[in-house]
Amino acid sequence: MGKYFEEFQVGEKIVTEKRTVTEADIMEFARISGDDNRIHTDAEFSKTTPFGKQIAHGLLGLSIGSGLAWKTGLMDGTVIAFREIQEWKFVKPVFIGDTIYVELVTAETKALPRIDGGSVTINLEVKNQQDEVCHRGTWIVLIMSKPK
């Protein structure tokens, strides 16, 4: 079971497990999303870009980061809704073979008695195997209160 609203502490940091991004991940994301931009899907074309090789879709990095955050169990069974993404920045590209993980820090909590829970603001950084920030942003999630 995940944390209830009252159990979130401002300043608390959680680090997820790691996951390596593969070419298959990129190709499957291109298929599902319909975004087959050659910078993601064509190795030869990608060599002509400023990155010099294929990069993962930014939204794929965000999606994998979301999955890694979910796997912590932090919100399992207690999340009411994913409410908002704020100020998401794609700082560095994620390349095929990069191993990424997420650092989550609780930034703010706000009780919302009308929903029997509260709003939790979480700052996230998606980092690669060299601990470089690839993505950075803030999520706001609605979390249920402890049962009475």
Side-chain angles (χ1 to χ4, degrees), residues 1-110 117-146:
M1 191 69 161
K3 287 186 173 200
Y4 290 105
F5 170 73
E6 296 80 6
E7 297 172 323
F8 280 85
Q9 299 296 316
V10 172
E12 178 181 19
K13 179 179 175 181
I14 294 175
V15 179
T16 70
E17 65 184 50
K18 297 178 178 182
R19 183 181 188 290
T20 300
V21 178
T22 67
E23 184 175 17
D25 293 330
I26 291 170
M27 299 309 264
E28 184 66 7
F29 190 83
R31 186 190 69 74
I32 291 169
S33 69
D35 178 355
D36 59 0
N37 183 325
R38 293 188 303 155
I39 199 165
H40 308 302
T41 61
D42 184 331
E44 289 306 310
F45 172 80
S46 297
K47 290 177 185 176
T48 69
T49 71
F51 302 110
K53 56 185 173 178
Q54 286 170 267
I55 60 172
H57 302 73
L59 294 177
L60 174 58
L62 171 61
S63 297
I64 291 172
S66 178
L68 290 171
W70 177 255
K71 284 182 160 191
T72 66
L74 184 65
M75 299 175 278
D76 189 11
T78 58
V79 67
I80 297 168
F82 187 94
R83 186 172 194 183
E84 189 173 342
I85 297 176
Q86 295 181 338
E87 301 177 18
W88 198 261
K89 304 286 185 208
F90 301 99
V91 180
K92 291 184 67 97
V94 173
F95 296 104
I96 294 170
D98 278 356
T99 300
I100 61 174
Y101 66 98
V102 183
E103 291 183 357
L104 304 96
V105 178
T106 302
E108 182 181 2
T109 60
K110 179 181 176 187
S119 171
V120 179
T121 302
I122 303 170
N123 294 330
L124 294 93
E125 290 185 334
V126 177
K127 295 184 174 183
N128 65 19
Q129 66 277 1
Q130 285 135 357
D131 300 321
E132 300 168 320
V133 175
C134 296
H135 298 193
R136 172 185 292 128
T138 302
W139 291 355
I140 299 176
V141 293
L142 301 179
I143 302 289
M144 65 177 62
S145 285
K146 285 184 181 179

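In what follows, every heavy atom counts, from backbone to side chain, and hydrogens, waters and symmetry copies are set aside. Being a predicted model, the structure only gives us computed values, none of them experimental.
Scanning all heavy atoms of the two residues, the minimum distance from G61 to I100 falls at O-CD1, 4.5 Å. Taking both residues in full, the closest heavy atoms of F5 and G117 are given as CG-C, 4.2 Å, listed atom of the first, atom of the second, then distance. Contact between I64 and V21 at its shortest, heavy atoms only, is CD1-CG2, 4.0 Å. Taking every heavy atom of both residues into account, H57 and I26 meet most closely at CE1-O, 3.6 Å. Residues C134 and P93 share a closest heavy-atom pair of SG-O, 4.0 Å. M144 approaches E6 most closely through the heavy-atom pair O-OE1, 4.5 Å.
With sequence neighbours excluded, no residue forms a salt bridge (charged side-chain N to carboxylate O under 4.0 Å, His left out) with D98. Contacts of E132 classified as salt bridge (charged side-chain N to carboxylate O under 4.0 Å, His left out), with partners at least two apart in sequence or in another chain: K92.
Counting heavy atoms from C-beta outward, V120 and M75 have side chains that stay 4.5 Å or more apart. Looking only at side-chain heavy atoms (C-beta outward), N128 and V94 stay at 4.5 Å or farther from each other.
With F8 as reference, T109 is the one residue of T78, T121, T109 to meet the side-chain contact (heavy atoms from CB on, under 4.5 Å) rule.
A donor-acceptor pair under 3.5 Å links the side-chain atoms of S63 to the main chain of L59, judged by distance alone. Between the S46 side chain and the R38 main chain, a donor and an acceptor come within less than 3.5 Å of each other. Counting only distance, with no hydrogens or angles, the side chain of T16 and the backbone of V102 share a donor-acceptor pair below 3.5 Å.
Distance CG/L104 to CD/E12: 10.0 Å, rounded to 0.5 Å. Atom-to-atom distance recorded for L124:CG and L68:CG is 10.5 Å, nearest 0.5 angstrom. Taking NZ of K146 as the start and NZ of K3 as the end, the distance is 10.5 Å to the nearest 0.5 Å. Atom CG in D42 sits 7.0 Å away from atom CD in Q54 (nearest 0.5 Å). Atom CG of D131 sits about 3.5 Å away from atom OH of Y101, to the nearest 0.5 Å. Note that CD1 of I122 and CD of Q86 are 12.0 Å apart. Values are rounded to the nearest 0.5 Å.
No more than 12 heavy atoms of other residues, nucleotides or ligands sit less than 6.0 Å from atom CD of E87.
Using bins of under 30°, 30° to 60° and over 60° for the plane-to-plane angle, the ring pair H135/F90 lands in the perpendicular bin.
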Applying side chain to side chain contact (heavy atoms under 4.5 Å, CB included) to T49 and I55, what does each step give before you reach the verdict? CA-CA 10 Å; T49 71; I55 60 172; over 6 Å; no

Tell me, with the steps shown, if T106 and Q9 meet side-chain hydrogen bond (donor to acceptor under 3.5 Å, both in side chains). CA-CA 7 Å; T106 302; Q9 299 296 316; over 6 Å; no

